[in-house]
Amino acid sequence: MDHNLQIFNSLVREKVPFEPLHPPFVGLYVCGPTVYSDAHLGHARPAITFDLLFRYLTHLGYKVRYVRNITDVGHLENDADEGDDKIQKKAKLENLEPMEVVQKYMDTFHRNMDQLNTLHPSIEPRASGHIIEQQELIKEIIDQGYGYEVNGSVYFDVEKYSKRYDYGKLSGRVLEELISCSRTLEGQDEKRNPCDFALWKKASPEHLMKWPSPWSEGFPGWHLECSAMSIKYLGEVFDIHGGGMDLKFPHHECEIAQSTAALGKESVRYWMHNNMISINGQKMARSLGNFITLDQLFSGDHKLLEQAYNPMTIRFFILQAHYRSTMDFSNEALRAAEKGLQKLMKAMETIERLKPAKESSFDIEKLSDKCYEAMDDDLNTPVLLSHLFEGVRFINSVADGSETVTATGIETLKKLFTGFVFDILGLQKELAVNTGEELTGKLMKIIIDLRQDTKERKDWAMSDKIRDNLKEAGVTLKDTKEGAMWEVGE
RNA sequence: GGUCGGUUGACCGAGUGGCUAGGUAGCGGUCUGCAAAACCGUGUACGGCGGUUCGACUCCGCCACCGACCUCCA
């Protein structure tokens with residue numbers, strides 16, 4: 001397979017061929033969540049986007065080390081580099097130990113990610129477990145002359161950095177504008193410049209999460225962890241760094257500055273950013289209070305939800321749009337996704353029932369090529385799906401007898417759909433009734449046989465009654481040419 | 001105010017200088033005892049105004065509207 005994967009590099013703002021630094025190895029770092037409340041729909045986007053990337057790179061034969069951090073410390077509330085950090089604030093509210101909060105929401109996050117069928121990262125480092133590495137990085141930045149200490153806190157000297165490097169290149173900021181537009185904030189007097197950001201903050205006496213350091217008892221700045229942990233696990237220069245678009249500034253900009261200041265070179269070769277999910281035209285965010293948690297989506301327990309949605313529906317919904325496009329939440333759109341997914345999954349089952357013919361009336365290899373082309377084009381899943389639905393129509397037509405396929409063709413189809421739908425898109429069959437499944441199958445066979453008798457007697461009233469009663473019990477019967485089929489649900 | 005992006009048919013959502021995206025919903029048909037599924041057919045879609053062009057939804061300019069970032073944020 002000769003592939004030409006193109007990805008959109010946010011740094012240069014165009015699609016470029018992806019060429020790993022040390023093939024076949026690929027280093028991938030993605031910003032994970034700050035675990036201080038439940039994961040919401042917005043969190044599903046980067047998780048699924050980069051899971052898709054991870055899966056596709058792996059499918060192409062790359063050996064990927066996928067690192068996704070858990071931010072469990074140091075994420076400061078409000079501006080200021082002055083307030084409590086987010087974890088600690090929530091801890092006080094709930095009267096819990098900070099690490100208790102972390103554990104609780106990390107567990108929920110992991111459970112939700114499993115429900116969405118995202119593969120586990122190769123490494124999932126936590127900021128709190130890398131305080132030493134972060135301090136080492138601060139020392140290096142200070143040694144290089146880009147960090148300064150004031151009253152036990154250490155700040156990054158953005159202005160000095162800008163004299164030699166380009167601060168703002170990722171987000172398109174110009175330093176002068178950043179300085180002039182910075183709001184006047186309380187407690188900024190320690191900084192030489194309002195744009196400077198904290199590398200280390202001295203902790204106040206009541207602060208719970210703090211560690212000793214050469215400068216003070218304190219905690220690391222938010223941007224530091226990703227620099228420190230990506231360097232530790234992927235090397236000074238690595239291939240891909242991903243995250244949400246909202247992290248471009250200041251987070252990723254600061255990461256670039258930190259790594260570049262410490263190493264004297266750019267750390268990240270390709271930056272990738274997924275777009276936001278909006279709700280009523282506005283970004284879904286915890287801070288805006290307009291979010292729907294994943295648990296709520298799965299249970300339907302939210303005033304904006306007209307029904308519950310399966311995790312796979314959510315996954316399919318997200319994959320129906322390109323990762324760099326915004327997408328708007330609505331019940332109508334989710335219901336459409338649900339139906340579309342069902343159609344896709346049914347067709348995959350239909351493949352198993354296809355009867356081979358002498359010739360194929362459809363070029364399956366060509367379809368396969370088009371599918372790869374779509375993925376190679378910056379992970380264009382909507383186009384991939386449109387090709388797959390072309391295959392779905394073919395499969396159904398073969399089942400109907402209006403098209404034909406060879407035995408080899410059936411195998412190719414099976415491989416194509418399994419590869420793209422299960423392995424790459426990461427969709428899976430919703431688990432059917434998971435208790436007494438075997439017994440249910442046997443019982444259904446009996447019922448269907450009995451009903452067959454009534455049909456042969458042309459006792460339509462009885463036949464319909466059986467079907468109606470089953471419907472009431474949540475089982476749908478469908479009379480096909482191959483006999484009656486049944487399924488749980490609509 | 002600065003930077004960036006968007007405006008596609010009932011809804012979601014791709015894409016291209018001339019050729020059907022796809023899904024969902026709707027309508028008509030085939031099949032069927034009925035129903036469902038499936039299949040076939042179907043819809044003056046590209047924010048507005050100019051410009052470039054043989055030809056623009058696609059390129060350029062202006063305008064309008066929406067959003068993201070500039071503060072924590074996936």
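Throughout, a chain's letter reflects where its sequence line sits, starting with A, and its residues are numbered from 1.
- Looking at heavy-atom distances under 4.0 Å, Lys458(A) makes no contact with the nucleic acid at all.
- Here the CG atom belonging to Leu470(A) is positioned 9.0 Å from the OG1 atom belonging to Thr476(A), to the nearest 0.5 angstrom.
- Using a 5.5 Å limit on the distance between ring centres and a 30° limit on the angle between planes, the aromatic ring of Phe389(A) does not count as stacked on the six-membered base ring of rG23(B).
- At a threshold of 4.0 angstrom between heavy atoms, the contacts of Arg286(A) are confined to the sugar-phosphate backbone, with no base atom among them.
- Among the atoms of the strands shown, base atoms are found under 4.0 Å from some heavy atom of Asp479(A).
- Asn274(A) contributes no side-chain N or O that, together with a main-chain N or O of Thr49(A), makes up a donor-acceptor pair within less than 3.5 Å.
- A cation-pi geometry, defined here as NZ or CZ lying under 6.0 Å from the six-membered ring centre and within 45° of its normal, holds between Arg173(A) and Phe249(A).
- For Asn396(A), counting side-chain heavy atoms from C-beta on, the closest listed nucleotide (rC12(B), rG15(B), rC39(B)) is rC39(B).
- Proximity of Asn380(A) to the phosphate of rA14(B): no side-chain N or O atom is located under 4.0 Å from OP1 or OP2.
- As judged by a 4.0 angstrom heavy-atom cut-off over every strand, Leu288(A) is placed among residues making no nucleic acid contact.
- Nucleic acid contact class of Thr49(A) (heavy atoms, under 4.0 Å, all strands): none.
- Heavy atoms of Ser287(A) sit under 4.0 angstrom from at least one base atom.
- Residue His43(A) places its side chain closer to rA74(B) than to any other of rC69(B), rU24(B), rA74(B).
- The side chain of Glu332(A) sits closest to rC11(B) out of rC11(B), rU24(B), rG67(B).
- Heavy atoms of Met284(A) sit under 4.0 angstrom from at least one base atom.
- Judged by atom type and distance alone, Asp464(A) reaches the base of rG33(B) through a side-chain donor-acceptor pair under 3.5 Å.
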Do Tyr270(A) and His241(A) pass the ring pair (Phe, Tyr, Trp, His ring centres under 6.0 Å) test, and can you show the C-alpha distance, the side-chain angles, and the key distance before you say yes or no?
CA-CA 6 Å; Tyr270(A) 300 89; His241(A) 189 130; over 10 Å; no
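- Closest to the Lys455(A) side chain, of the nucleotides rG33(B), rC4(B), rA74(B), is rG33(B).
- Base engagement by Asn275(A) is indicated by at least one non-hydrogen atom pair under 4.0 Å involving a base atom.
- No engagement by His251(A) is indicated, since no non-hydrogen atom pair under 4.0 Å with the nucleic acid exists.
- Between the side chain of Arg467(A) and the base of rC34(B) there is at least one donor-acceptor pair of N/O atoms closer than 3.5 Å.
- For Ala321(A), the listed nucleotide lying nearest its side chain is rA14(B); candidates were rC39(B), rA14(B), rG23(B).
- Within 4.0 Å (heavy atoms only), Met276(A) reaches at least one base atom of the nucleic acid.
- Taking only side-chain atoms of Asn274(A), from C-beta outward, the nucleotide of rA21(B), rA74(B), rG2(B) with the closest atom is rA74(B).
- Contacts of Gly42(A) with the nucleic acid, taken as non-hydrogen atoms under 4.0 Å apart, include base atoms.
- Note on Glu338(A): nothing from the nucleic acid sits closer than 4.0 angstrom, heavy atoms only.
- Both the sub-6.0 Å distance and the 45° axial angle are not jointly satisfied by Arg68(A) relative to the ring of Tyr29(A).
- In this structure, Lys283(A) reaches the bases: a heavy-atom distance under 4.0 Å links it to at least one base atom across the strands shown.
- Between Asn380(A) atom CG and Met375(A) atom CE the span is 9.0 Å, to the nearest 0.5 Å.
- Toward the 5′ end of RNA chain B lies the nearest nucleotide of Asp328(A), the other residue of the pair Ala336(A) and Asp328(A) mapping further downstream.
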According to the Watson-Crick and G-U wobble definition with distances under 3.5 Å, which dot-bracket string, read 5' to 3', encodes RNA chain B, using [ ] for crossing pairs and | for pairs with another strand?
(((((((..(((.....[...))).(((((.......)))))....(((((..]....))))))))))))....
